[in-house]
Amino acid sequence: MTKSAILILLGPPGAGKGTQARMLEEKFGLVQLSTGDLLRAAVAAGTEAGKEAQAVMSAGGLVSDEIVLAILKDRMAEPDTQKGVILDGFPRTAGQAEALDDLLAAQGQSIGAAISLDVDDAAMVERVSGRYTCANCGEGYHDSFKQPAVAGVCDKCGSTEFKRRADDNAETVSARLESYHAQTAPLITYYEGKGVLSRVDAMGEIDRVAADLAAIVTQVTD
Ligand code: AP5
């Protein structure tokens, strides 16, 4: 890879950011960096940041830029990110986008592509409320759209333990969608202005969306 492999996946809850980030991670050897996952880990670990984030996440709001940026910067400093990263769920506000620009500029890096996963809000509640993951390896599944090949057994690691997220209920999903439209959707215009925006129709089947994304990533990393 010769060009910058800093990729951003933009999209509302349920757009498929996590699903697609994991597929790109495998295909291109990049590292998925999900601020949602990092925040849930902080909540589970009971850190001060985690305690503050928990109430906001349960209500479907956005955690403060200060907390998110501190967590993100720590993770970006780890050596595995040098191969390139897929930012899943970050940035989500204008402040985060500007802070990311500053962070990358200080390292002589820039954004390769910001990809908006375009979806219909109405379908997102079903997508999110039917979602579950392997409790061992985190592989994602869905009651209707993506079941394991053998019922009750994770395709990736063989675990029989699965879990659902506390914020995946209809009421919280609606609040998360509102937060997305108010604070994150304007970043589509921000990245368009920088000439790095691509858009993908993310209402199609998972493999179709993955193929469209792979074409964009190949272009920016070749
Ligand atoms: P986060 O964990 O980032 O959640 P989110 O953005 O709400 O996104 P989701 O993880 O719900 O959806 P996704 O797009 O990854 O979809 P998925 O691939 O799972 O954030 C959680 C919370 O943390 C936020 O609400 C906020 O409070 C806080 N937070 C996180 N980052 C923050 C930040 N930067 N600043 C401030 N606060 C922050 O797909 C969903 C389901 O649909 C799956 O079951 C999947 O199998 C299925 N599916 C996927 N694609 C398709 C398809 N094409 N067709 C059919 N089904 C599909």
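First listed ligand is number 1; within each ligand, the first listed atom is number 1.
Each of P12, P13, G14, A15, G16, K17, G18, T19, T35, G36, L39, R40, M57, G61, L62, V63, V68, G89, F90, R92, Q96, R127, R131, Y141, H142, F145, R165, D167, R176, A202, G204, E205, I206 has a non-hydrogen atom positioned under 4.0 Å from some atom of ligand 1.
Salt bridge annotation for R176-E171: absent, with no cationic side-chain nitrogen under 4.0 angstrom from a carboxylate oxygen.
No option in T35, L72, V31 other than L72 meets the side-chain contact (heavy atoms from CB on, under 4.5 Å) test with L87. The residue from E26, M23, R22 that alone fulfils the side-chain contact (heavy atoms from CB on, under 4.5 Å) condition with Q32 is R22.
For CD of E205, the number of neighbouring non-hydrogen atoms (other residues, nucleotides, ligands) closer than 6.0 Å is 12 at most.
The salt bridge (Lys or Arg N to Asp or Glu O under 4.0 Å) pairs that include a residue from residues 36-46 are D37-R40, where partners are two or more places apart or lie in different chains.
At least one donor-acceptor pair under 3.5 Å links the side chain of D201 to the backbone N or O of M203.
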